[in-house]
Amino acid sequence: YDYNTGVQRLLQGHVNAITATAVSVDKQWIITADTGADSMLVVWDRESGSPVKTIYSPHPYGVHALDITPDHKYLVTLSAPTPIEDSHHS
């Protein structure tokens, strides 16, 4: 959302609910990630709202948390936990 213009830009690309986000120190990059089937991690250009890099299935069950280094060289991710089977319904 741009407070100066009152315009909101939607970042479209995920099929699952977003579970992790990070923004670079200079606010140039927005990173989003999700969990579940067909999970992905997307690096967005903040100015244009366009995806610049998409990583499909970054972890077997998606991403639980993420961050970006101050120099923008690396992303660190924490994988979502393995689903626990309910023994009462097997």
Side-chain angles (χ1 to χ4, degrees):
Y1 183 80
D2 186 325
Y3 286 100
N4 296 321
T5 63
V7 174
Q8 179 179 356
R9 181 175 293 137
L10 299 177
L11 305 177
Q12 298 182 10
H14 290 275
V15 296
N16 300 313
I18 293 172
T19 55
T21 61
V23 178
S24 62
V25 173
D26 65 359
K27 298 180 177 48
Q28 179 180 359
W29 309 111
I30 299 170
I31 303 93
T32 58
D34 61 35
T35 58
D38 300 320
S39 67
M40 65 176 65
L41 180 147
V42 183
V43 178
W44 307 86
D45 177 84
R46 182 199 54 86
E47 189 67 32
S48 68
S50 298
V52 294
K53 179 70 176 176
T54 302
I55 301 171
Y56 297 97
S57 300
H59 292 288
Y61 300 101
V63 177
H64 187 73
L66 65 91
D67 206 353
I68 184 171
T69 58
D71 62 5
H72 313 141
K73 287 185 178 184
Y74 302 99
L75 292 174
V76 61
T77 62
L78 178 65
S79 65
T82 303
I84 299 173
E85 291 186 28
D86 186 352
S87 61
H88 294 59
H89 294 97
S90 21

If I take atom [atom1] from residue [X] and atom [atom2] from residue [Y], how far apart are they, to the nearest 0.5 angstrom?
X     : Y     : atom1 : atom2 : answer
Leu75 : Thr69 : CG    : OG1   : 7.5 Å
Arg46 : Leu11 : CZ    : CG    : 11.0 Å
Leu41 : Asp34 : CG    : CG    : 8.5 Å
Ile68 : Asp26 : CD1   : CG    : 8.0 Å
Ile55 : Met40 : CD1   : CE    : 11.0 Å
Ile31 : His72 : CD1   : NE2   : 8.5 Å

Common cluster, Val52/Leu66, ILVMFWY with side-chain heavy-atom separation under 4.5 Å: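 In one cluster: yes.
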
Compare every heavy atom of [Y] with every heavy atom of [X], then report the nearest pair and how far apart it is.
X     : Y     : result
Tyr61 : Pro81 : CB-O, 3.9 Å
Ile18 : Thr21 : CG2-CG2, 3.8 Å
Gly62 : Ser39 : CA-OG, 3.4 Å

For His14, is the NE2 atom crowded, meaning more than 12 foreign heavy atoms sit under 6.0 Å from it?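 Atom NE2 in His14 is packed in, count exceeds 12.
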
Give a yes or no on this: more than 12 heavy atoms of other residues, nucleotides or ligands lie within 6.0 Å of atom CG of Asp38.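 Count not over threshold, so no.
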
I would like to know whether Trp44 and Val42 meet side chain to side chain contact (heavy atoms under 4.5 Å, CB included); could you show each step before the answer? CA-CA 6 Å; Trp44 307 86; Val42 183; 3.3 Å; yes

May I ask you to decide if [Y]'s main-chain N or O and [X]'s side chain share a donor-acceptor pair within less than 3.5 Å?
X     : Y     : answer
Asn16 : Thr35 : yes
Arg9  : Glu47 : yes
Thr19 : Val63 : yes

